[in-house]
Trainee: 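One structure follows; several queries about it will come next.
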Amino acid sequence: PVNGFINNPEKLMAFRDVMHQFFLVLKANVERIRFLMATGVTRFTKISLFSCLNNPTDLSMDVRAARLCGYTPEEIETNFHEHIQAFADQKGISYEAMFKELLSWYDSYRFSPESEIRVCNPVSLGKSLVNRVLMNYWESTGLASAAVREIRESKDLITDWNGRAVTRTELDASDRPQVQLAALLYQTGYLTIDSTTPRGMIVLRVPNKEVMDSVLYGTLSTMLGGAKAGDMLYDAELTAEALLAKGMDFVLEKSLLSCYSRIPHEWVCKDEAEAKRFFQLYCYFLGAKIKGEHESHLGRADAVMELPNGVYLFEFKYAKSSAEALAQIHERGYADAYRDDPRPVWLVGCNYSPKKRGLDKPRIVRFAP
């Protein structure tokens, strides 16, 4: 309820009063309580929820609780080996490949900066093993509505938070409206601890594919509406299949133009960040790695898609030209890492024209080392 009313101060205060009375009862009966554990999503330290119950120990980042709220990979193998093998047999892949896929979808929550232990979402893992379907179960198990609103209103894609370093103080959220987006995303499970810096800062990242899929599809639906978002996803799927089957660069050009044509006329990409945000969403659902996943000594391509029969490097511009985008790929050597790659490497330059309210014809050329 705190999370649900976070942007409604009047209801939040009313709820606070109810919870305050609840915790007063607990404190008055503390001698009768042998053990009490309170769990939730967000923890706000300045709205007086816990002022009347000031003796609990906070386990949020405590190393002793690092493995408490999920399954470790070892626990998964020990307890669910037969289920994973059955899932693998159904899909016609090896046990090792199936296990790796499960972890990529549901694993990698790290609760303590002092521990390397990472745990898997137990609810989603359980559902996937019962249904034998790898999919996003996050949507049906309680999205944090306040976090979703903040994500969709922010100019950043959640992938922009990968590698973002914050202090512990930033993650120890206080009352609204001062609470930082980083704290909200961390406490609601959209971000987790990736590592720590020598000075003790906490580096964040998106935990897994399930969370990424949930946020990015939600963002796309907000932009286009559910039906158009579904159409675009289907188009991206067909494009990826065509590229995988035949490596046809003109299919990619047609698909890029088509995806921008679905943007409603009244919705204009008013700046480069907004236009690139839509571009990155498309690239993600196309199957490309986006935003900082691919580095060169002079910078990074906006997106990289690697297939068995080809590599596609994307660069995006706003109110410039596709030729300038293509030139930047050449000038900064984004394709150098693929000089010895036996696969054909395609360079894709894209430009959004605010005057046309759409994408200019992309420039797609094959890289010649």
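None of the values given here were measured: they were computed from a predicted structure.
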Trainee: Report the C-alpha distance between R64 and L59 in whole Å, list the side-chain angles of each, state the deciding distance to 0.1 Å, and finish with yes or no for side chain to side chain contact (heavy atoms under 4.5 Å, CB included).
Mentor: CA-CA 8 Å; R64 295 170 296 175; L59 296 175; 4.2 Å; yes

Trainee: Do the side chains of V365 and V345 join up, straight or via other hydrophobic residues, at under 4.5 Å, putting them in one cluster?
Mentor: yes

Trainee: Between S322 and K361 (side chain of the first, backbone of the second, donor and acceptor by atom type, cut-off under 3.5 Å), is there such a pair?
Mentor: yes

Trainee: With a 4.5 Å limit on heavy-atom distance, are the side chains of E77 and T72 in contact?
Mentor: no

Trainee: Run the side chain to side chain contact (heavy atoms under 4.5 Å, CB included) check on F15 and K11 step by step: do they pass?
Mentor: CA-CA 6 Å; F15 169 73; K11 287 188 176 181; over 6 Å; no

Trainee: Of all heavy-atom pairs between A325 and G349, which one has the smallest distance, and what is that distance?
Mentor: CB-CA, 3.7 Å

Trainee: Give a yes or no answer on whether the side chain of T239 reaches the backbone of D235 with a donor-acceptor pair at less than 3.5 Å.
Mentor: yes

Trainee: Tell me the closest heavy-atom pair linking L103 and I76, and the distance in Å.
Mentor: CD2-CD1, 4.1 Å

Trainee: Please collect all salt bridge (Lys or Arg N to Asp or Glu O under 4.0 Å) contacts where either partner lies in residues 100-114, sequence neighbours excluded, each pair once.
Mentor: K91-E101, R110-E116, E114-R168

Trainee: Decide yes or no for L347 and H330: does some side-chain heavy atom of the first lie under 4.5 Å from some side-chain heavy atom of the second?
Mentor: yes

Trainee: Give, for atom OG of S255 and atom CG of L238, the distance between the pair rounded to the nearest 0.5 Å.
Mentor: 8.5 Å

Trainee: May I have the step-by-step check of ring pair (Phe, Tyr, Trp, His ring centres under 6.0 Å) for W138 and Y190, ending in yes or no?
Mentor: CA-CA 10 Å; W138 179 275; Y190 291 98; 5.4 Å; yes

Trainee: Using side-chain heavy atoms (C-beta onward) and a distance below 4.5 Å, is V348 in contact with L252?
Mentor: yes

Trainee: Around atom CZ of R67, are there more than 12 heavy atoms of other residues, nucleotides or ligands at under 6.0 Å?
Mentor: no

Trainee: Identify the two heavy atoms, one from I84 and one from M98, that lie closest to each other, and give their separation to 0.1 Å.
Mentor: O-CG, 3.7 Å

Trainee: Output yes when a side-chain donor or acceptor of E253 lies under 3.5 Å from a complementary backbone atom of R363, and no otherwise.
Mentor: no

Trainee: Going hydrophobic residue to hydrophobic residue with side-chain gaps under 4.5 angstrom, can you get from F314 over to L307?
Mentor: yes

Trainee: Donor-acceptor pair, N121 side chain versus S124 backbone, under 3.5 Å?
Mentor: yes

Trainee: Could you list the donor-acceptor pairs under 3.5 angstrom formed between side-chain atoms of residues 195-203 and any protein atom two or more places apart in sequence or on another chain?
Mentor:
from : atom 1 : to   : atom 2 : distance (Å)
T197 : OG1    : R199 : N      : 3.4
T197 : OG1    : G200 : N      : 3.4
T197 : OG1    : M201 : N      : 3.0

Trainee: Side chains of V166 and L171, heavy atoms from C-beta outward: is any pair under 4.5 Å?
Mentor: yes

Trainee: With ring pair (Phe, Tyr, Trp, His ring centres under 6.0 Å) as the rule and sequence neighbours excluded, what pairs involving residues 86-118 come up?
Mentor: H81-Y95

Trainee: Which of these passes ring-ring contact (aromatic ring centres under 6.0 Å, His included) with Y352: F316, Y282, Y318?
Mentor: Y318

Trainee: Taking side chain to side chain contact (heavy atoms under 4.5 Å, CB included) as the test, write out the residues that go with R339, two or more places apart.
Mentor: D336, F367, P369

Trainee: Does a side chain donor of either S108 or N208 reach within less than 3.5 Å of an acceptor in the other side chain?
Mentor: no

Trainee: Would the number of heavy atoms belonging to other residues, nucleotides or ligands and lying under 6.0 Å from CE of M13 be above 12?
Mentor: no

Trainee: Flag yes if V63 and I193 sit in one hydrophobic cluster, no otherwise; membership is Ile, Leu, Val, Met, Phe, Trp, Tyr, and two members link when side-chain heavy atoms are under 4.5 Å apart.
Mentor: no

Trainee: What residues join F35 in its hydrophobic cluster, counting side-chain heavy atom gaps under 4.5 Å, either direct or through other members?
Mentor: M37, L68

Trainee: Is the closest side-chain heavy-atom distance between L326 and E315 below 4.5 Å?
Mentor: no

Trainee: Counting only N and O atoms by type, is there a donor-acceptor contact under 3.5 Å from the side chain of E210 to the main-chain atoms of Y137?
Mentor: yes

Trainee: Could you tell me whether the side chain of S115 and the main chain of S112 form a donor-acceptor pair under 3.5 Å?
Mentor: no

Trainee: Do you know which two heavy atoms are closest between S353 and D360, and how far apart they sit?
Mentor: CB-OD1, 3.6 Å

Trainee: Donor-acceptor pair, distance only, cut-off 3.5 Å: does the side chain of S258 make one with the backbone of K254?
Mentor: no

Trainee: Among residues at least two apart in sequence or on other chains, which ones pass ring-ring contact (aromatic ring centres under 6.0 Å, His included) with F80?
Mentor: Y71

Trainee: Heavy-atom distance under 4.5 Å between the side chains of S128 and V133, does that happen here?
Mentor: no

Trainee: Going through the distances and angles, do Y338 and V304 end up as a side chain to side chain contact (heavy atoms under 4.5 Å, CB included)?
Mentor: CA-CA 11 Å; Y338 297 95; V304 179; 3.5 Å; yes

Trainee: For the residue pair Q85 / D89, report whether a side-chain donor-acceptor contact shorter than 3.5 Å exists.
Mentor: yes

Trainee: Please answer whether the main-chain N or O of R343 pairs with a side-chain N or O of D341 as donor and acceptor at a distance below 3.5 Å.
Mentor: yes

Trainee: Could you tell me whether the side chains of E306 and Y312 share a donor-acceptor contact shorter than 3.5 Å?
Mentor: no

Trainee: Checking Q328 against Y334: is there a side-chain donor and acceptor pair closer than 3.5 Å?
Mentor: yes

Trainee: Which pair of heavy atoms, one from P362 and one from L256, lies closest together, and at what distance?
Mentor: CG-CD1, 3.9 Å

Trainee: Looking only at heavy atoms, which two atoms of S94 and A88 are closest? And how far apart?
Mentor: O-CB, 3.7 Å

Trainee: Give a yes or no answer on whether the side chain of N162 reaches the backbone of V206 with a donor-acceptor pair at less than 3.5 Å.
Mentor: yes

Trainee: Find out whether L359 and C350 are in side-chain contact, i.e. whether some heavy atom of one side chain is under 4.5 Å from a heavy atom of the other.
Mentor: yes

Trainee: Mind checking whether I33 and F23 sit in one hydrophobic cluster, side chains of I, L, V, M, F, W, Y counted as touching below 4.5 Å?
Mentor: yes

Trainee: Side chain of N29, backbone of V25: donor and acceptor closer than 3.5 Å?
Mentor: yes

